[in-house]
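One structure is given below, encoded as structure tokens.
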There are 2 protein chains.
Amino acid sequence: MMVDMDEARRHEPRWLSDDEQRVWRAFREAVGMLNAHTETQLQHDAGMPQAYYEVLVELSESPDQVMRMSDLAVATRSSRSRLSHAVARMEAKGWVRREACPTDKRGAFAHLTPAGFEAIKAAAPGHVEAVRTAVFDQLTAEQVRMLGEISDAIRGGLRPRCPEVERRLAAEDGDTADGDGDGDDTGRAA
Amino acid sequence: MMVDMDEARRHEPRWLSDDEQRVWRAFREAVGMLNAHTETQLQHDAGMPQAYYEVLVELSESPDQVMRMSDLAVATRSSRSRLSHAVARMEAKGWVRREACPTDKRGAFAHLTPAGFEAIKAAAPGHVEAVRTAVFDQLTAEQVRMLGEISDAIRGGLRPRCPEVERRLAAEDGDTADGDGDGDDTGRAA
DNA sequence: CAGTTATAGTTGAGCGCTCAACAAGATGGC
DNA sequence: GCCATCTTGTTGAGCGCTCAACTATAACTG
């Protein structure tokens, strides 16, 4: 038992093989460089970080260039907090306008403004060019196809877990055993 | 077409095809989720961001757990500024110790301390497990191999260009006035 | 040798993100 | 209706990063 406890607690690390190491480091490096590349390009040429670009893209593709904050957060895979800060800044820049939701008084809409539309229209060509030269010009058609499959596989393995979900799961786990009857603790405090 | 006049002048963007769009978005999402996953895991379980983890890894694999700041910056693909800030914080945590270089009085060494070694030793299993489950458990051997090749291809396409190199190149371009055509329109404006 | 330029590292301001806390409206059980 | 709970969105503190100076030393050049 004692031995098991020790083993079990550490859950025995399954180290990466040499090949896996190499792939992982190459991947990290590629992603890091690519990210720095596109981030710098956008910041320099369009005065916006990539995160804001993605918000503008999402808005611009939405039916009336309007989205609920929550939906926008999901679409951009960002926390509500992050989005709120981001939209506040973009509103200050005149790219987005916020509006209260009449039916749900907690809610808020984010509208893409004409200036916002111009901003993304101006930013898009440079960004797309950066992505194309850095990624698609470097890969064969087969590699592109595989990259899509690999991305899907990784995506699928990671439940869309936001920090809040993590915390709730952790709370349930730590809450001794069952916790089956969903968070009975007055949990918001955690 | 009239519409294209404007575009032609600015070398007309080569937009992404639908397939490329899908792959690019899937890739961005996978990378985003994966990054959030490992970042959160490390921060939670080891109290350090991924960037610091990589610094510690680099140091721990170095001959005497010592590296020059500059080399460490290159190894971790970070700017000297970033590394300086990071090492300052890690020094405050007791994980790293800085020491002046006797032969080059500008230089500084970063030593991994015993506490730093313990920190990474404690962090490694959880991190590796997170990487394994999120990446290698999701992919076939063939996909892993391809991911390596794809990463190498992307890495190869991006010259190791840090911001400083960028600026220097830009300065040289403007300086020598030989400017190869397409530089003129990519407005640094906004 | 002096004068210029390049290199190593640090610093401070500003920005974007995370996290925890919060306010306020919506929801469901009784 | 009333109360606890959930949901929506915002806020402020703290952290890590970028960028643009800045210091100090080293390496060239005439």
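Lettering follows sequence order; numbering is per chain, from 1. Worth saying up front: this structure is predicted, and the values here are computed from it rather than measured.
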Separation of [X] atom [atom1] from [N] atom [atom2], in whole Å?
| X | N | atom1 | atom2 | answer |
| --- | --- | --- | --- | --- |
| A/Met48 | C/dC15 | CE | P | 16 Å |
| A/Asp71 | D/dG9 | CG | P | 8 Å |
| A/Leu42 | D/dC19 | CG | P | 13 Å |
| B/His44 | C/dT18 | NE2 | P | 13 Å |
| B/Met90 | D/dC15 | CE | C1' | 14 Å |
| B/His37 | C/dT18 | NE2 | P | 16 Å |
| B/Leu72 | C/dT10 | CG | P | 11 Å |
| B/Gln41 | C/dT18 | CD | C1' | 16 Å |

Within the structure provided, determine whether B/Leu56 and B/Met48 are in side-chain contact (heavy-atom separation under 4.5 Å). yes
Hey, does B/Val66 have a side-chain heavy atom less than 4.5 Å from the side chain of B/Ser62?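 A side-chain contact is absent here, since even the closest heavy-atom pair is not under 4.5 Å.
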Could you give the distance from CG (B/Leu158) to OG1 (A/Thr133), rounded to the nearest 0.5 Å? 7.5 Å
Just say parallel, tilted or perpendicular for the rings of B/Tyr53 and B/His127, cut-offs at 30° and 60°. tilted
Whether A/His111 and A/Phe109 hold their rings parallel, tilted or perpendicular, with breakpoints at 30° and 60°: perpendicular
Comparing nearest nucleotides in DNA chain C, the 5'-proximal residue of the pair A/Ser78, A/Asp104 is A/Ser78
Judged by each residue's nearest nucleotide on DNA chain C, which is more toward the 5′ side, A/Pro49 or A/Lys105?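 Per heavy-atom nearest nucleotide, the more 5' residue is A/Pro49.
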State whether the distance check finds a donor on one side and an acceptor on the other, under 3.5 Å, for side chain B/Arg106 versus base D/dT25. yes
B/Ser60 side chain vs B/Val57 backbone, donor-acceptor pair below 3.5 Å: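 Yes, the answer is positive, given that a donor and an acceptor are paired below the 3.5 Å cut-off.
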Polar side-chain atom of A/Arg14 near backbone of B/Arg132 as donor-acceptor pair, under 3.5 Å: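 Not a single qualifying donor-acceptor pair exists.
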At 4.0 Å (heavy atoms only), tell me whether B/Ala73 reaches a base, stays on the sugar-phosphate, or touches nothing.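 No contact at all - B/Ala73 keeps every heavy atom at 4.0 Å or more from the nucleic acid.
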Between protein and nucleic acid, restricted to nucleotides 11-13 of chain D and to nitrogen or oxygen atoms under 3.5 Å apart, what atom pairs and distances do you find?
| residue | atom | partner | partner atom | Å |
| --- | --- | --- | --- | --- |
| D/dT11 | O4 | A/Ser81 | OG | 2.9 |
| D/dG12 | O6 | A/His85 | NE2 | 2.8 |

The side chain of A/Arg68 lies closest to which of these nucleotides: C/dA8, D/dC17, D/dT8?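 The answer is D/dT8.
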